[in-house]
Amino acid sequence: MNNIHFLSLYQPQEWVLGIDLLFWYYYTQNFQQVILKDQYILALKYREINTNKKTSKFLSKEIYPSWAIISHHYEQLIKQSIEIMPLACVAGFAELPDSINFYEKETLLHHFSEYLLQ
């Protein structure tokens, strides 16, 4: 990602980054401070799993280890990023939908951050 950003700065006639990719680049650069300062802890999380595939009535819970972010900077970063996030970042889809649906910005940022931390 750093190489692509470098090329877009110093070879603008060949590399032009879209506003969505620039947003994710700057977000990861800011989120990097959370990781470098070790502002996360080991946590136990749970999720519901379907134990009976024929009916969805029987759910059980599975506990698994994960990481939890405990940074004041992270919460500020999420709030600031929600305001400046372009719609191109929340409009993605795997298959062509009947109508355009946008993802929720805050949920998308939390998911991206947690996945990056993992």
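Partners of His110 according to the ring-ring contact (aromatic ring centres under 6.0 Å, His included) rule, which considers only residues two or more places apart in sequence or in another chain, are Tyr74. For Ile19, the side-chain contact (heavy atoms from CB on, under 4.5 Å) partners two or more places apart in sequence, or in a different chain, are Pro86. Listed by chain and residue number, Ser66 satisfy the side-chain hydrogen bond (donor to acceptor under 3.5 Å, both in side chains) test with Gln118 (two or more places apart in sequence, or in another chain). Applying the side-chain contact (heavy atoms from CB on, under 4.5 Å) test to Gln80 and every residue at least two apart in sequence or in another chain returns nothing. Checked against side-chain contact (heavy atoms from CB on, under 4.5 Å), Asp20 has the following partners two or more places apart in sequence or in another chain: Ala88, Cys89. Under the rule for a side-chain hydrogen bond (donor to acceptor under 3.5 Å, both in side chains), the partners of Gln76 that lie at least two apart in sequence or sit in another chain are His72. Take Ser113 and apply the side-chain hydrogen bond (donor to acceptor under 3.5 Å, both in side chains) test, not counting sequence neighbours, and it matches Tyr27. Take Tyr26 and apply the side-chain contact (heavy atoms from CB on, under 4.5 Å) test, not counting sequence neighbours, and it matches His5, Leu22.
In this structure, Glu114 and Trp67 have side chains that are not in contact, with every pair of non-hydrogen atoms separated by 4.5 Å or more. Using a 4.5 Å cut-off on side-chain heavy atoms (C-beta onward), Phe112 and Trp24 make contact.
Open room surrounds NE2 on His111; 12 or fewer heavy atoms of other groups in view lie less than 6.0 Å from it. Counting non-hydrogen atoms of neighbouring residues, nucleotides and ligands closer than 6.0 angstrom, the OH atom of Tyr115 reaches no more than 12 such neighbours.
Grouping the Ile, Leu, Val, Met, Phe, Trp and Tyr side chains by contacts below 4.5 angstrom, directly or via other members, places Leu77 apart from Ile70.
To the nearest 0.5 Å, the span separating CG on Leu109 from OH on Tyr103 amounts to 14.0 Å. One distance of note links NZ of Lys79 with CD1 of Ile84; it measures 15.0 Å at 0.5 Å rounding.
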Pair up each side-chain donor or acceptor in residues 33-47 with any protein partner under 3.5 Å, not counting sequence neighbours, and list the distances.
from	atom 1	to	atom 2	distance (Å)
Gln39	OE1	Ser71	OG	2.6
Arg47	NE	Glu62	OE1	2.8
Arg47	NH2	Glu62	OE1	3.0

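Nearest heavy atom pair, residue His73 against residue Asn30, reads NE2-O, 3.4 Å. Ile82 and Glu106 get closest at one heavy-atom pair: CD1-CB, 3.6 Å.
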